[in-house]
Amino acid sequence: MKRHNYKAITTILPIIFSGWLMYSCSLDMEPENMTPLSEALNTPANLEAALISVYANLRSADHYGRDMFAKADALADVTLATNNSGRFVAENRNDAGAHFSTGFWENSYFSIGEINRILAQIEKGVNGATPEQLRRWEGESKFLRALYLFDLVKVYAYIPTAIFQEGLVDQGGVPMPLSPVYDLENVLFGQDPRATIEQNYDQIILDLKDAIDLLEESERPVPQFASTAAAYALLSRVALYKGDWEMVVTASTAALSLPVGQLVFGMNYINGWKNPVNPESIFEVRFHDNSESLGSTFSLQSAFTTLLDVNEKNRLGGWGDLIPSPKILEAFGLSQLQTGNPASNNNNWDVTRNLDIRANLFTTGSNQRPNGRQIECVKFLGKNGFNYGDNIPVIRKSEMLLNRMEANFHLGKETEAFNEFVAFKIIKGLSPSILTGEELLEDILNERLKEFAFEGQRFFDLKRYGRAIDKSDYLGPDAIVPFEDFRILAPIPSGVVENNRNINQNRGY
């Protein structure tokens with residue numbers, strides 16, 4: 001008999017299927033007067049609402065609302081945990097089991113389940129819907145399914161460019177449900193096995209190529225929704241992880257050419273982080289109003305800074321749980337600088353900075369938390385006009401440049417890679433050195449470290465190159481996680497392993 005994870009049930013049931021289903025004491029019964037799952041999507045309004053709910057699920061603190069950036073950088077060598085609130089300390093030490101949460105797995109698979117039902121309904125038809133609506137819904141759905149599946153496989157499985165296999169028989173990709181499920185038993189306790197990593201990536205790429213075709217003439221060309229540009233941009237990132245360098249160049253170039261997001265330079269780049277919608281965003285997760293704020297416990301703003309306002313640093317805000325590691329401090333020439341008296345006034349403190357324009361995204365925080373005044377990242381700081389609910393740029397234009405130059409290097413087009421590298425360094429305020437071979441690759445990866453600090457990419461960059469996570473310079477000589485260490489992969493939630501007879505746990509857990 002299967003052992004059901006009832007904690008997961010009570011977490012998921014109240015929100016099942018866009019809020020239309022109500023909590024029921026029995027999984028075998030639907031509440032009285034409730035529209036069956038198989039019929040609930042057969043109007044344009046209901047299908048649109050279901051799709052919007054899938055976008056909204058990305059706001060979860062377990063996903064882009066916090067952990068996809070904060071936990072990923074805590075696991076990598078980007079941040080140091082302050083222990084102001086106790087959050088992220090275990091992840092920063094890379095303790096066994098301290099990784100992405102059960103909520104991340106549940107939120108992702110719940111959302112994929114919603115998407116599969118939406119796609120099935122589109123195939124059957126939606127009463128009163130136009131062909132353009134059907135194409136747009138299908139294109140957005142396939143983009144979102146690709147995004148959720150890609151996030152899952154990069155967390156719970158190895159990346160195609162670096163797969164550790166020695167002596168292992170139980171590794172693989174992640175389950176890949178692609179068919180609609182309408183009964184609650186299977187919604188919560190599916191029996192899908194782990195697909196192979198190759199199968200996961202093939203499906204992700206197929207969905208993105210379909211999305212590109214479907215959205216070409218029926219998209220919403222704004223970064224809060226899937227678009228042709230967003231599908232190309234995500235395809236660029238997926239191809240980078242797959243090591244398909246030609247596809248990276250093609251997809252990056254297409255994403256750069258399309259009018260969703262724009263490259264911005266100098267202080268316009270810094271000011272872009274103060275806008276509700278970052279001008280570089282090709283796709284971002286939207287927080288519409290204060291009711292969607294994640295608050296001082298679960299938000300990115302609270303995780304990264306103690307401030308509410310950089311112009312009034314004595315107003316205490318978040319917890320500042322994660323601050324720049326020595327690697328980031330050195331990269332931007334950051335150190336605390338007293339600018340006036342008295343020293344007890346937080347407004348009399350700032351930081352030294354080098355010429356890198358991105359150094360302006362860091363300043364000193366408040367002295368009112370247990371670990372005192374620290375240097376903090378202020379990429380997320382109430383840009384929407386309310387606290388703890390910033391829109392979150394998932395993919396930006398700058399990434400397309402970095403993806404393309406890295407791919408060109410691997411294609412042997414070192415001149416093209418170097419020329420783009422020089423141009424990129426200049427727009428960030430830096431004078432590039434003449435580099436060739438592996439030195440050029442290392443500096444490209446170093447630019448990625450700086451560009452995406454506090455945006456959650458470093459952990460996966462190290463993982464896709466099969467490199468160790470080295471924090472020995474600030475956490476001690478034992479703070480090195482070799483690529484071969486089981487802690488590189490997240491544990492599959494124990495309830496999933498208990499309830500799904502076809503799935504194997506990652507090694508070491």
Side-chain angles (χ1 to χ4, degrees), residues 69 73-74 76-82 92 263-274 280 303-307 310-311 313 320-340 343 345-367 371-381 396 398-399 401-402 405 421-435 439-459 461-462 469-475 479:
F69 284 12
D73 272 359
D77 55 2
V78 176
T79 64
L80 171 65
T82 62
N92 202 220
L263 288 167
V264 287
F265 313 129
M267 287 308 296
N268 288 333
Y269 174 87
I270 301 302
N271 292 331
W273 285 98
K274 302 174 184 178
E280 276 215 343
F304 292 157
T305 181
T306 56
L307 301 177
V310 292
N311 297 312
K313 295 181 178 180
D321 291 308
L322 294 170
I323 59 175
S325 70
K327 189 184 296 287
I328 300 299
L329 297 178
E330 180 181 2
F332 295 119
L334 302 173
S335 61
Q336 294 198 38
L337 176 67
Q338 187 176 344
T339 59
N345 186 334
N346 293 306
N347 293 314
N348 291 327
W349 289 85
D350 195 8
V351 296
T352 63
R353 300 178 178 90
N354 62 22
L355 294 177
D356 194 316
I357 194 69
R358 294 164 293 195
N360 290 281
L361 293 168
F362 298 85
T363 189
T364 48
S366 171
N367 60 2
N371 207 36
R373 185 184 297 109
Q374 300 290 334
I375 297 173
E376 299 172 350
C377 177
V378 291
K379 283 184 175 180
F380 303 95
L381 195 62
R396 298 191 285 110
S398 285
E399 181 184 345
L401 294 177
L402 287 161
M405 71 178 77
F421 172 73
V422 169
F424 188 85
K425 296 276 278 192
I426 290 171
I427 67 177
K428 300 304 178 183
L430 301 172
S431 299
S433 303
I434 297 177
L435 300 169
E439 287 185 337
L440 176 57
L441 176 61
E442 289 307 310
D443 226 13
I444 291 172
L445 296 178
N446 193 51
E447 285 306 305
R448 291 184 65 89
L449 166 69
K450 292 187 287 183
E451 182 65 32
F452 303 122
F454 293 81
E455 295 179 66
Q457 293 213 36
R458 174 67 170 179
F459 175 76
D461 283 347
L462 292 172
I469 302 168
D470 187 351
K471 307 176 188 179
S472 57
D473 58 338
Y474 60 103
L475 291 183

Taking only residues two or more places apart in sequence, or in another chain, which ones meet [X] in a side chain to side chain donor-acceptor pair (under 3.5 Å)?
X	result
T82	N84
R358	D356, E447, E451
D350	R353, T363
S433	none

Results of side-chain contact (heavy atoms from CB on, under 4.5 Å) for [X] - residues two or more places apart only:
X	value
N446	D443, L449, K450
Q374	I323, N371
I426	V422, P432
D470	S472, I480

Minimum heavy-atom separation for [X] and [Y], please, with both atom names.
X	Y	answer
V351	F362	CG2-O, 3.6 Å
R458	A76	CG-CB, 3.8 Å
K313	N347	N-OD1, 2.7 Å
L475	N92	CD1-O, 3.5 Å

Could you give the distance from [atom1] ([X]) to [atom2] ([Y]), rounded to the nearest 0.5 Å?
X	Y	atom1	atom2	answer
F452	S398	CZ	OG	7.0 Å
I434	L440	CD1	CG	12.0 Å
L435	K425	CG	NZ	8.0 Å
D461	R448	CG	CZ	4.0 Å
I357	L430	CD1	CG	9.5 Å
Y269	E280	OH	CD	6.0 Å

Exercise. Check whether any side-chain heavy atom of W349 lies under 4.5 Å from a side-chain heavy atom of N367, and answer yes or no.
Key: no
Quiz item: Do L263 and L401 have side chains that get closer than 4.5 Å, going by heavy atoms?
Solution: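 Yes, close enough: below the 4.5 Å cut-off.
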Practice problem: Could you list the residues that satisfy ring pair (Phe, Tyr, Trp, His ring centres under 6.0 Å) with F459, not counting sequence neighbours? | Solution: H99
Exam field: side chain [X] to backbone [Y], donor-acceptor pair closer than 3.5 Å:
X	Y	result
N348	A343	no
T79	L322	no
K274	L381	no
D73	F454	yes

Quiz item: Would you find more than 12 non-hydrogen atoms of other residues, nucleotides or ligands less than 6.0 Å from L337 atom CG?
Solution: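 Above 12, so yes.
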Quiz item: Between F304 and F380, how do the two ring planes meet: parallel, tilted or perpendicular, split at 30° and 60°?
Solution: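 Geometry flag for F380 against F304: tilted rings.
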Quiz item: Of the options N360, V378, V264, which is the one that meets I270 in a side-chain contact (heavy atoms from CB on, under 4.5 Å)?
Solution: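 Single pass found, and it is N360.
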Practice problem: Name all residues meeting the salt bridge (charged side-chain N to carboxylate O under 4.0 Å, His left out) criterion together with K379; count only those two or more places apart in sequence or in a different chain, and write none if there are none. | Solution: E455
N/O donor-acceptor pairs under 3.5 Å from side chains in residues 324-336, not counting sequence neighbours:
residue, atom, partner, partner atom, Å
S325, OG, D77, O, 2.8
S325, OG, V78, O, 3.2
S325, OG, K327, N, 3.4
S335, OG, T352, OG1, 2.7
Q336, NE2, R373, O, 3.0

